[in-house]
Amino acid sequence: MDPVSQLASAGTFQALKEPLAFLRALELLFAIFAFATCGGYSGGLRLSVDCINKTDSNLSIDIAFAYPFRLHQVTFEVPTCEGKEREKLALIGDSSSSAEFFVTVAVFAFLYSLAATVVYIFFQNKYRENNRGPLIDFIVTVVFSFLWLVGSSAWAKGLSDVKVATDPKEVLSLISACKQPSNKCMAVHSPVMSSLNTSVVFGFLNFILWAGNIWFVFKETGWHSSGQRYLPDPMEKRSSSYNQSRYNQDSYGSGAGYSEQASLGPSSDEFSQQSSGPASFTNPI
């Protein structure tokens, strides 16, 4: 049997039916969508500058931009409508920090989810040994939940800045020739941002998955087990109270029977009187 088959036979794929491993598999898949839709993006827009002198016009000005969205480095040339001169401009803004942080979190979350899923399937015994695996898993899950929240929020703000900076109206306002009413400037093609919007959605979905998985990882730790160990058992408490009441009733019944039995016998005074009766009768004689 080849090594791959031996490894597959040794693994317990039933673990994927449990919430812990199933959520890890979803996290792995959603992390791929998150960094692929953001890190693999490339788009652009097209502008048209129609000068009074048609020979100076440029009806197809292409402006391309891509990840990591260092827009201030994206340059393009436009006509000045004053002869053959050209004006060199650049877009405004830099959203590289938020975009790169988001993609970095997504890549490391993917790698950890992949490793954790393999451990759940093939190394369950070592994972639960000494409670070290669940504790590490719990801490990493909490950290990644926080990173997903911060990264998704930062990238949502960065994407908003990218949309503003690449808006055709905003770009046309940078062109000096478009400030003259005699020239006609218009947007031929606007950038498509659907994949970037999807990346933000997957970012917050990853946060929900990781935050929800905190409870299932916590249940594997010794903290949850020790907490359950000291919880009072309702059935045990009910049984102890019932036994205590039975003991009180038995004690009361035995005490009452003893007093009743004692009352049935003659008292010491009556016995002394009965024994002294014949003595007083014989003395006169």
Side-chain angles (χ1 to χ4, degrees), residues 26-49 58 60-78 86-115 139-176 178 185-211:
L26 285 181
E27 290 166 0
L28 186 150
L29 185 63
F30 280 29
I32 295 175
F33 290 144
F35 70 74
T37 52
C38 179
Y41 177 83
S42 62
L45 65 155
R46 180 175 295 176
L47 304 177
S48 172
V49 178
N58 189 347
S60 180
I61 304 173
D62 293 322
I63 305 174
F65 59 94
Y67 174 84
F69 307 104
R70 295 186 177 93
L71 301 180
H72 65 284
Q73 297 179 357
V74 178
T75 60
F76 57 98
E77 292 185 354
V78 295
R86 293 290 183 268
E87 181 183 14
K88 190 173 183 179
L89 300 173
L91 297 177
I92 299 175
D94 183 8
S95 300
S96 60
S97 59
S98 59
E100 289 176 341
F101 179 74
F102 178 80
V103 171
T104 301
V105 172
V107 170
F108 279 101
F110 162 75
L111 294 176
Y112 181 79
S113 299
L114 179 61
I139 295 173
V140 174
T141 303
V142 172
V143 171
F144 266 110
S145 300
F146 176 74
L147 292 177
W148 272 118
L149 178 62
V150 175
S152 300
S153 301
W155 172 228
K157 177 62 172 60
L159 177 58
S160 177
D161 295 338
V162 171
K163 289 181 178 180
V164 172
T166 58
D167 186 12
K169 295 181 180 179
E170 189 71 20
V171 179
L172 289 175
S173 65
L174 302 175
I175 303 175
S176 57
C178 297
C185 300
M186 60 181 299
V188 180
H189 178 70
S190 299
V192 179
M193 301 286 187
S194 58
S195 62
L196 296 181
N197 295 331
T198 304
S199 67
V200 175
V201 173
F202 276 110
F204 284 105
L205 285 177
N206 274 285
F207 163 69
I208 294 173
L209 282 176
W210 283 82

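All figures in this text were calculated on a predicted structure; none of them were measured in a lab.
Side chain of S153 to main chain of V150: no donor-acceptor pair is present (N/O by atom type, distance under 3.5 Å, no hydrogens or angles). Counting only distance, with no hydrogens or angles, the side chain of S152 and the backbone of L149 share no donor-acceptor pair below 3.5 Å. Put simply, the side chain of D161 never gets that close to the backbone of D94: no donor and acceptor are under 3.5 Å apart.
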* To do: Carefully, step by step, assess I92 and L71 under the rule side chain to side chain contact (heavy atoms under 4.5 Å, CB included).
  => CA-CA 6 Å; I92 299 175; L71 301 180; over 6 Å; no
Problem - Stepwise side chain to side chain contact (heavy atoms under 4.5 Å, CB included) test for V140 and F144 - result: CA-CA 6 Å; V140 174; F144 266 110; 3.5 Å; yes
- Checking side chain to side chain contact (heavy atoms under 4.5 Å, CB included) for the pair E170/L91: CA distance, chi angles, key distance, verdict? CA-CA 9 Å; E170 189 71 20; L91 297 177; over 6 Å; no
Before giving the answer on side chain to side chain contact (heavy atoms under 4.5 Å, CB included), spell out for E87 and V78 the whole-Å C-alpha distance, their side-chain angles and the decisive distance to 0.1 Å.
-> CA-CA 5 Å; E87 181 183 14; V78 295; 3.9 Å; yes
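Residues S98 and K157 fail the side-chain proximity criterion, which asks for heavy atoms closer than 4.5 Å. A heavy-atom distance below 4.5 Å is found between the side chains of Y67 and E100. Contact check for F35 versus T104: no side-chain heavy atoms found under the 4.5 Å cut-off. No side-chain heavy atom of T37 sits less than 4.5 Å from a side-chain heavy atom of L196. Two residues are said to be in side-chain contact when any heavy atoms from C-beta on lie closer than 4.5 Å; V200 and L159 meet this criterion. Two residues are said to be in side-chain contact when any heavy atoms from C-beta on lie closer than 4.5 Å; L172 and L47 meet this criterion. Proximity of D62 to F76: side-chain heavy atoms (C-beta onward) are nowhere separated by under 4.5 Å. Residues V49 and C178 form a side-chain contact, since some pair of their non-hydrogen atoms from C-beta on lies under 4.5 Å apart.
Note that the CG atom of D167 and the OG atom of S173 stand 9.0 Å from one another [nearest 0.5 Å]. With values rounded to the nearest 0.5 angstrom, L29 atom CG is found 10.0 Å from L209 atom CG. Here the NZ-OG distance, from K169 to S190, works out to 9.5 Å after rounding to the nearest 0.5 Å. Rounding to the nearest 0.5 Å gives a distance of 14.5 Å between OG of S48 and NE2 of H189. With rounding to the nearest 0.5 Å, the separation of CG in N206 from CG in L26 is 10.0 Å.
Taking the six-membered ring for Trp and thresholds of 30 and 60 degrees, F65 and Y41 have ring planes inclined between 30 and 60 degrees apart. Taking the six-membered ring where tryptophan is involved, the planes of W210 and Y112 are tilted, since the angle between them lies from 30° to 60°.
When all heavy atoms are compared, the tightest approach of S95 to V162 is OG-CG2, 3.5 Å. Scanning both residues, V171 and A165, for their nearest heavy atoms gives CG2-O, 3.6 Å. Taking each heavy atom of A64 and V74 in turn, the nearest pair found is O-CG1, 3.2 Å. Taking every heavy atom of both residues into account, A34 and S199 meet most closely at O-CB, 3.9 Å. Here the closest non-hydrogen pair linking A90 and L174 is O-CD1, 3.8 Å.
Each of W148, F207, F69 was scored for a ring pair (Phe, Tyr, Trp, His ring centres under 6.0 Å) with W155, with one residue passing: F69.
Two rings, from F202 and F33, have their centers less than 6.0 Å apart.
Annotation for F204: atom CZ counts as buried by contact number, over 12 foreign heavy atoms lying within 6.0 Å.
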